[in-house]
Amino acid sequence: MATTEVKIAPENLQAASRPSERVPEPGVVVIFGASGDLTKRKLLPALFHLEQQGLLPKEFAIVGVARRDLKDTFAGDMKDGIIKYGGGEKGDSTIDEFIEKVDYQAMNFDDDSGYTDLKALLEKIDKEHGTKGNRLFYLAVAPEYFSDIIDHLGKHGMAHPEKGHARVIIEKPFGHDLESARELNDEVNKVFEEQQVFRIDHYLGKETVQNILVFRFANGIFEPIWNRNYIDHVQITAAENIGIEGRGPFYEKAGALRDVVQNHVMELLSFVAMEPPVSFEADSVRGEKVKVWRAIKPIPIENTVRGQYALGMVDGQQVQGYREEDRVDPNSTTETYAALKLEMENWRWAGVPFYLRAGKRLAKRVTEIMIQFKQPPLLLFDRSADGPCNEIQPNVLTIRIQPDEGISLRFGAKVPGPDTNVCPVVMDFQYASAFGVNSANGYERLLLDAMLGDQTLFAHRDGVEATWALYTPVLEAWVKAKPRDFPNYRSGTWGPKAADGLIGRDGRQWHRI
Ligand code: BG6
């Protein structure tokens, strides 16, 4: 297929590197669960990148909190993380300067004395670093510790400090069904006001996800056709080629639907489907998203397909099946793949199906949204089988979230020559070549926003409950009807055959990626 690239005007390239004026107030980021992978791989590299860009206040500090006694090694370990995962260079003195702002406190999350010590440490940091009593608590812990930590922060006066402000970031999974999500929301809101709560979904920090809103609402030409009159259907794919990466105990309880569909995929769907908000303020944007989720019809089980990977080949390597993974039940019925057909009951989308699929150990790592437009009412041109392209293809707009972030539009063009043959060609916008920069890891933007108190890119309790309300009945139905054919797809393929049937019975097919 021919490709036409879209280039950005050179004078506008500078905009991408212009310094931002969004610098938060002085403060301390306190990371609970700091001994886990997330801190070293994502959070510290993200904070360091913010520092490099001049986006952190001068009066700033980080405190890692975890059960193990890592006081002597923590800072060094974080430095390694910045070098290994954040592209930092060995011997770079700015890393050392940054690491001086890192402290550590070992404590059990249910132990009062630990919180007394933590409070004293934070007060000492305020004096030394001028952080003014402002705190951002980041709960990067297993969900069973959320309540304990939140309760104790409340009890020890750290949720509503006399001086400065307190905010809390809560990592997913936010509940495992509707009831548990409601309970957790109630517990959180007993201690923190909703304006202090930042439920993180790292997909919302991705540039390409935010660009969906810019694409739709900063351009005049797409919105008039962004509806049931012109769009045939939408597909959202969140495919990964990795397996569960040693996270057996977590994944056994989660599965693909809880792990990525209820949150990441639904966030993508809401950005594609929402009405224009009245402003880009947190409440307007989040309000429109909730309306989308609430407009989705209950999902009948026949509109769902689940799968589990068997052994196979990924990137030329033989990989084991899910049931053979470490700390996974050899008879596990946990799904590593889910495909769904969703239908919305609102004026914009009635009759336009949204097909979703997400899974591990698939053929490629690709997250993308594909919008297929309706064919023209009358096809004037010959579809002769002996032409170079034997079928006139519908227009397709593809929003590539990762990798190779960008947007492309497929349309038909006349093949040069005496006959009127039509072949698909693609107009292609790629972030990397257009702006000359790679988009940042989502955590940078989200940490910055939380420090600024901007909740636009964080989940509201209503949103979390709306998506759980939709998926809890599916999960319950799946528990009742045990899958008999697991494992039902080979690693390195595009998932179970039944997923082709789900979309195929509507006369459609999954977009070839
Ligand atoms: C996480 C899931 O939330 O998202 C993982 O727990 C998944 O299982 C990851 O691999 C995918 O994130 P990304 O940014 O690599 O698409």
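Index from 1, following the sequence. Whatever order the structure lists ligands and atoms in, that order sets their numbers, starting from 1.
At least one N or O atom of Arg247 sits closer than 3.5 Å to an N or O atom of ligand 1. Some N or O of His202 is nearer than 3.5 Å to an N or O of ligand 1, by distance alone.
Of the protein's non-hydrogen atoms, the one nearest atom 6 (O) of ligand 1 is Asp259 OD1, 2.6 Å. At the top of the distance list for atom 11 (C) of ligand 1, counting protein heavy atoms only, stands Glu240 OE2, 3.7 Å. At the shortest separation from atom 1 (C) of ligand 1 among protein heavy atoms lies His264 NE2, 3.5 Å.
Tyr251 does not count as a contact of ligand 1, since none of its heavy atoms falls under 4.0 Å from the ligand. Judged by the shortest distance from any of its heavy atoms, Gln402 lies inside the 4.0 Å radius around the atoms of ligand 1.
Between Arg461 and Asp186 a salt bridge is recorded (basic side-chain N to carboxylate O distance below 4.0 Å). Residues Lys206 and Glu405 are not paired through a salt bridge, judged by the lack of any N-O separation under 4.0 Å between the basic side chain and the carboxylate.
Taking the six-membered ring wherever Trp is involved, the centroid distance between the rings of Phe174 and Trp468 does not fall below 6.0 Å.
The cationic atom of Arg216 (NZ for Lys, CZ for Arg) does not lie both less than 6.0 Å from the six-membered ring centre of Phe222 and within 45° of the ring axis. Both the sub-6.0 Å distance and the 45° axial angle are not jointly satisfied by Arg512 relative to the ring of Trp494.
Within 6.0 Å of CD on Gln509 lie no more than 12 heavy atoms contributed by other residues, nucleotides or ligands.
Although no hydrogens or angles enter the test, the distance criterion places no donor-acceptor pair under 3.5 Å between the side chain of Glu343 and the main chain of Pro353.
Within the listing of ligand 1, atoms 1 (C), 2 (C), 3 (O), 6 (O) sit less than 4.0 angstrom from a heavy atom of Lys172. Of all the atoms in ligand 1, the ones that sit under 4.0 Å from a non-hydrogen atom of Lys360 are 5 (C), 7 (C), 8 (O), 10 (O). Near Arg365, with a cut-off below 4.0 Å to any heavy atom, the atoms of ligand 1 are 15 (O).
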